[in-house]
Amino acid sequence: MTSSTKVFFLKVIIHLGALLPLANLYFLAFGDGLGADPVEVVIHFTGIGALNLLLITLSISPLAKIFKQGYLLQTRRVLGLYAYTYALFHVLNFLSFEVQFDGALFISEVIERPYITVGMVAFLLLTALAITSISKLKRKMGKSWQRLHNFNYLIALLVTVHFYWSVKSELTSPLFYLAIVLLLLLFRVKKIKRLLLSLFT
Amino acid sequence: MLINIPKKFDLNESHVTDEPIYHERRRLLKQMGFLGAGALMSSAIANNAKAGFFSDDEAPFQTRTLTYSKDPFNQTLIKTPEKKVISHNNFYEFGSKKDQPAELAQSFKVEPWQLKISGECDHPITLDYDDLTKLFPLEERIYRLRCVEAWSMVIPWIGFSLASLLKKVAPNSRANYVAFETLYDPKQMPGQANRRLGGGIKYPYVEGLRIDEAMNPLTLMSVGLYGKTLPPQNGAPIRLVVPWKYGFKSIKSIVGIKLVEHKPSTTWKKLAPKEYGFYANVNPNHDHPRWSQASERRITSGGLFTRNRIATLPFNGYSEEVADLYRGMNLSKHF
Ligand code: HEM
């Protein structure tokens, strides 16, 4: 199999793997099939889904390096865009089903609740990354594109903090995610050092 | 006792989902969730799917019909469908996710049961399983239940006033508070055995009321709902219901009630004293540090698109009955 067929099949799997659960979720939600509180289910499902996809996106380049499978890098964009799609649905779920378009409540929640403030910052950064993933923009931006997309790591950290702060008492899952984010950062120690140096010099 | 009904919220009985349809959808969800999402997403749905796969053959807990007098005042309140009341539970002893108690509590044994009432009183007693439903005439009470997480239900409980039970043991003059305790049995309650499942709270779960709160006629010892004995996920065989306080005050599967002189410690307050107080009165003007308490989502029938956000009322709408208990108190300080 050539690399380009491998990429093709991988992308098919990614499209199906991302879209089917989402379609299934809303299909069931429409018909009151998600248990007693569908609002909680859709918020949690899309939130965790976004975080999972974000972490999968970030693990692609270490994996490609370790297993010497350069073509894997070509799946990063579609994975990242699905991470954004899930995040978008997550925020829209909150807006339309949790606060039910009460704009004042939405704004006061974003300002007053630290975990939502952090989520909002992560979401705005993700939005910037999603928009600049358009090829034309990417070419235009040159080097600054990479700089902007390094925010991915910050986003992953912010989302983990958002998750940690959102739970009432069960801390195992957010801590598990934190461990994964730190592991991913470990693969990038050199890059991060360079980044930090360039910031402060 | 006349309880005001907030009129903001109008849905009618035609919204009630047929039970078989509801069941069928749940089943479908479990299957599809398992196939579709299992690989990529670890989530509530995938959990449902797994639990469903392995527990379908487990015999469900058997409830039985109770004889009781109907609630004379609140029959017009739109109730939360029974199916939702018994499948959406915060009962961390059986798992901290809402659907876990219904899944993991089915083999819970409530017979024999002993409920010991002791402490600062003249006639301490211990009630056996049969006493719970036979000692006092049972009444239906249709109450709003407001969870601290900002969702709410309307539930037809069956039970008797805590006051009648307390009168029986004759509290003495040192009985300033009442302390409650849930069963501690890690063999039966997987959340007590496993920290991750149990949400990291300390067991046994303990709660408390001031004696005048405990004696208020609204305060109910519940042994049933929707005409039958309680299923385990709702706190079988006997639980407290304090409708003007956040749900976590209404402690489940009680084995001990103790009259005490000093304010007892309570589970959620121990865990996070800045977020949960001893009083925990429903108060739209005092936010939880992490979310607003000004409004709530009322869970009835209807799915995702039901417009069900309503204003939260002080004391959950029971001001007339209970506001006097707190006269002169700063409710932002004593939250
Ligand atoms: C304005 C932006 C955001 C808002 C308003 C928001 C809101 C919420 C809410 C209300 C919860 C549920 C908390 C609870 O159960 O009480 C939550 C949980 C969560 N959110 Fe967000 N969020 C935002 C951004 C994000 C982003 C960008 C991501 C990921 C890329 C994310 C990932 C998560 C995760 C993983 C959880 C935990 C889910 C769970 O407990 O199962 N959130 N968020």
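Letters go in sequence order (proteins before strands), and every chain restarts at 1.
- Residues B/Lys84 and B/Thr300 come closest through the heavy atom pair NZ-O, 2.9 Å.
- Proximity to chain A is limited to the side chain of B/Ser96, based on heavy atoms less than 4.5 angstrom apart.
- Contacts with chain B (heavy atom to heavy atom, under 4.5 Å) involve no residue of residues 122-143 of chain A.
- At a 4.5 Å heavy-atom cutoff, the contact between A/Ser166 and chain B is made by backbone atoms alone.
- A salt bridge is absent between B/Arg290 and B/Glu149; no separation between the charged side-chain nitrogens and carboxylate oxygens falls under 4.0 Å.
- Salt bridge status for A/Glu98 with B/Arg309: present, with a side-chain N to carboxylate O gap under 4.0 Å.
- Heavy-atom distances place both the backbone and the side chain of B/Arg196 under 4.5 Å from chain A.
- The shortest side-chain heavy-atom distance between B/Tyr143 and B/Ile155 does not fall under the 4.5 Å cut-off.
- A salt bridge is defined here as a Lys NZ or Arg NE, NH1 or NH2 lying under 4.0 Å from an Asp or Glu carboxylate O, and B/Asp287 with A/Arg113 meets this definition.
- Proximity to chain A is absent for every atom of B/Thr80, based on heavy atoms less than 4.5 angstrom apart.
- Within the 4.5 angstrom heavy-atom criterion, no atom of A/Ser108 approaches chain B.
- The nearest pair of heavy atoms linking B/Trp151 to B/Asn90 is CZ2-ND2, 3.9 Å.
- For A/Val42, the part lying under 4.5 angstrom from a heavy atom of chain B is the side chain only.
- When heavy atoms are compared at a cutoff of 4.5 Å, A/Phe97 approaches chain B by way of both its backbone and its side chain.
- Counting heavy-atom pairs closer than 4.5 Å to chain B, the top residue among A/Leu16, A/Ile116, A/Leu105, A/Leu171 is A/Leu105.
- Between B/Lys228 and B/Glu82 there is a salt bridge, since at least one side-chain N of the basic residue sits less than 4.0 Å from a carboxylate O of the acidic one.
- Aromatic ring centres of A/Tyr26 and A/Phe89 lie closer together than 6.0 Å.
- Side-chain contact between B/Tyr203 and B/Thr267 is absent, with no heavy atoms from C-beta onward closer than 4.5 Å.
- The residues A/Glu40 and B/Lys98 are annotated as salt-bridged, a charged nitrogen and a carboxylate oxygen being separated by less than 4.0 angstrom.
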